[in-house]
K.L.:
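Quick one: the structure is below, questions incoming.
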Amino acid sequence: MKRPSHGGNLAWAASVAGCQASLIVDFSASINPLGPPKSAIEAISRSLSELSSYPDPNYSRLRFSLARWHQLAPEWILPGNGSAELLTWAAWELSQCETTYLITPAFGDYWRALSAFNGKVYKCSLNLVAKDLSEVIGKTQGTKNKGLLLNNPHNPTGKLFTRETILPYLEEFALVVIDEAFMDFLVPQEQESLISVVRDYPNLVILRSLTKFYSLPGLRLGYAIAHPDRLKRWQSWRDPWPVNVLAAAAGIAVISDKDFQKATWDWLIPTRAELFAGLASLPGLQPQPGAANFLLVSTEQPSSQLQEKLLKNNRILIRDCLSFPELGDRYFRVAIRSQKENYSLIEGLAAIF
Ligand SMILES: Cc1ncc(COP(=O)(O)O)c(C=O)c1O
């Protein structure tokens, strides 16, 4: 079986570990281990009777709930089949620009989406010690007809860019797409979302995911926030019902689930600090400080070897970084999981060293 280029490929991991996929402890996909929330499961159960009808193609109830949450009008929001679906439409529009500035290493799906439309990419390499975005992007060149695709917080490094450092690029670029798939993991007062300024910038698109924070990657649900004209255009291009009735119902339920949100922040902050300290205490490993629910770790031993040993010895799957050419075998990424599972990761690594 081929080595996967995304996290979360449990069939491949099980074939290496020689066990059932359900026995693998998955640190490779950055999914909240507290979920899915009960509120999602209950909403899905209540909506099973709707399976015999098509979804509302306007997703009015879901849009209304998301809009109320973000204090926007519903026409500024477009739900999608995961944020990955909306990334495809954003990439189509980016590919109409002369070039798209992309911060690398970059989430693999950006390459998929941009290359699908022959988008021209200008790579801006992310120096892990860079303090702000201008150090990464440098001086921009050419006409204003250029796009910027930025992930904040950034996967796989966990780096968070401040709103202030992003704002000047809204004047400089024809189209700015910000993927905030992991922003919910920050407590509200620490988030650096650009949602609050979206009404001022028709060239701004924000992509949000509900699959990571609410642990629903199999359900597929995300949304775009952008000028209503742009979203109407996207809606006219795509199929009429990309979000199924169960996902739409779960979305409405989870965004008002304050208990789950608080429980996640209460778990993440101390648990991430503890995992960071555990990793930093091991020889040859250096975790990078990260704002999201994962940590990027530099390693003296090749990460593909560590990955294989952890799978065979402990049935633990970590994310090697071979699909990020800028990182390669010198890095791996781990999700933050329960305290007990994090201990077993540290023990597994300690045994290898
Ligand atoms: C940075 C980033 N953006 C978007 C996505 C896609 O999320 P979704 O499940 O909402 O399609 C991922 C998934 O790994 C991701 O890492």
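This one's a predicted model, so the numbers in the text were calculated from it and none came from an experiment. Remember, it's 1-based here, ligands and their atoms both numbered in the order they're listed. Positions are given from 1, in the same order as the sequence printed here.
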K.L.:
Which option wins on minimum heavy-atom distance to atom 16 (O) of ligand 1: I31, N155, N81?
P.N.:
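Selected option, by shortest heavy-atom distance: N155.
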
K.L.:
Which atoms of ligand 1 are found less than 4.0 Å from any heavy atom of A181?
P.N.:
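By the 4.0 Å cutoff, the relevant atoms are 2 (C), 3 (N), 4 (C).
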
K.L.:
So do the side chains of R272 and L295 get within less than 4.5 Å of each other, counting heavy atoms only?
P.N.:
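R272 vs L295: side chains touch.
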
K.L.:
In a table with atom names and distances, give each donor-acceptor pair under 3.5 Å that connects a side chain of residues 29-43 to protein atoms at least two apart or in another chain.
P.N.:
unit_1	atom_1	unit_2	atom_2	d
N32	OD1	L34	N	2.9
N32	ND2	F213	O	2.8
N32	ND2	T264	OG1	2.9
S39	OG	D257	OD2	2.5

K.L.:
Please identify which atoms of ligand 1 are closer than 4.0 Å to at least one heavy atom of A84.
P.N.:
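Within the 4.0 Å cut-off of A84, ligand 1 contributes 11 (O).
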
K.L.:
Considering only non-hydrogen protein atoms, determine which one is nearest to atom 14 (O) of ligand 1 and report residue, atom name and distance to 0.1 Å.
P.N.:
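Looking at atom 14 (O) of ligand 1, the protein heavy atom closest to it is K212 NZ, 2.8 Å.
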
K.L.:
Give the atom numbers and elements of ligand 1 that come within less than 4.0 Å of a heavy atom of D179.
P.N.:
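Those of ligand 1 that fall under 4.0 Å from D179 are 1 (C), 2 (C), 3 (N), 4 (C).
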
K.L.:
Check whether any side-chain heavy atom of E180 lies under 4.5 Å from a side-chain heavy atom of I195, and answer yes or no.
P.N.:
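Result yes, sub-4.5 Å side-chain heavy-atom pair found.
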
K.L.:
For R233, does the CZ atom have more than 12 heavy-atom neighbours from other residues, nucleotides or ligands under 6.0 Å away?
P.N.:
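Check passes, neighbour count above 12.
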
K.L.:
Answer with yes or no whether R220 contacts ligand 1, where contact means a heavy atom under 4.0 Å from a ligand atom.
P.N.:
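The answer is yes: ligand 1 sits under 4.0 Å from a heavy atom of R220.
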
K.L.:
To the nearest 0.5 angstrom, please state how far the CG atom of N155 sits from the CG atom of D179.
P.N.:
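CG of D179 is found 8.5 Å from CG of N155.
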
K.L.:
Would a 4.5 Å heavy-atom cut-off, applied to side chains only, mark L279 and L275 as touching?
P.N.:
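The answer is yes; the side chains approach within 4.5 Å.
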
K.L.:
Between L86, N151, L87, T211, which one has a non-hydrogen atom sitting closest to atom 9 (O) of ligand 1?
P.N.:
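It is T211 whose heavy atom sits nearest to atom 9 (O) of ligand 1.
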
K.L.:
Would one find an N or O of F107, backbone or side chain, under 3.5 Å from an N or O of ligand 1?
P.N.:
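In fact, backbone or side chain, F107 has no N or O that close.
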
K.L.:
Under 3.5 Å, sequence neighbours excluded: what are the donor-acceptor pairs made by side chains of residues 64-83?
P.N.:
unit_1	atom_1	unit_2	atom_2	d
S65	OG	R61	O	3.0
H70	NE2	Y223	OH	2.7
N81	ND2	P242	O	2.9

K.L.:
Apply the side chain to side chain contact (heavy atoms under 4.5 Å, CB included) test between F173 and each candidate in T140, L149, L94; give the one that qualifies.
P.N.:
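Among T140, L149, L94, the one meeting side chain to side chain contact (heavy atoms under 4.5 Å, CB included) with F173 is T140.
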
K.L.:
Is there a heavy atom in E85 that sits closer than 4.0 Å to ligand 1?
P.N.:
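For ligand 1, residue contact (heavy atoms, under 4.0 Å) with E85 is absent.
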
K.L.:
At what distance is the nearest protein heavy atom to atom 6 (C) of ligand 1, and which residue and atom is it?
P.N.:
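So the nearest neighbour among protein heavy atoms is S83 OG, 3.5 Å.
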
K.L.:
With heavy-atom distances below 4.0 Å as the criterion, list the atoms of ligand 1 near G82.
P.N.:
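Close to G82: 10 (O), 11 (O).
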
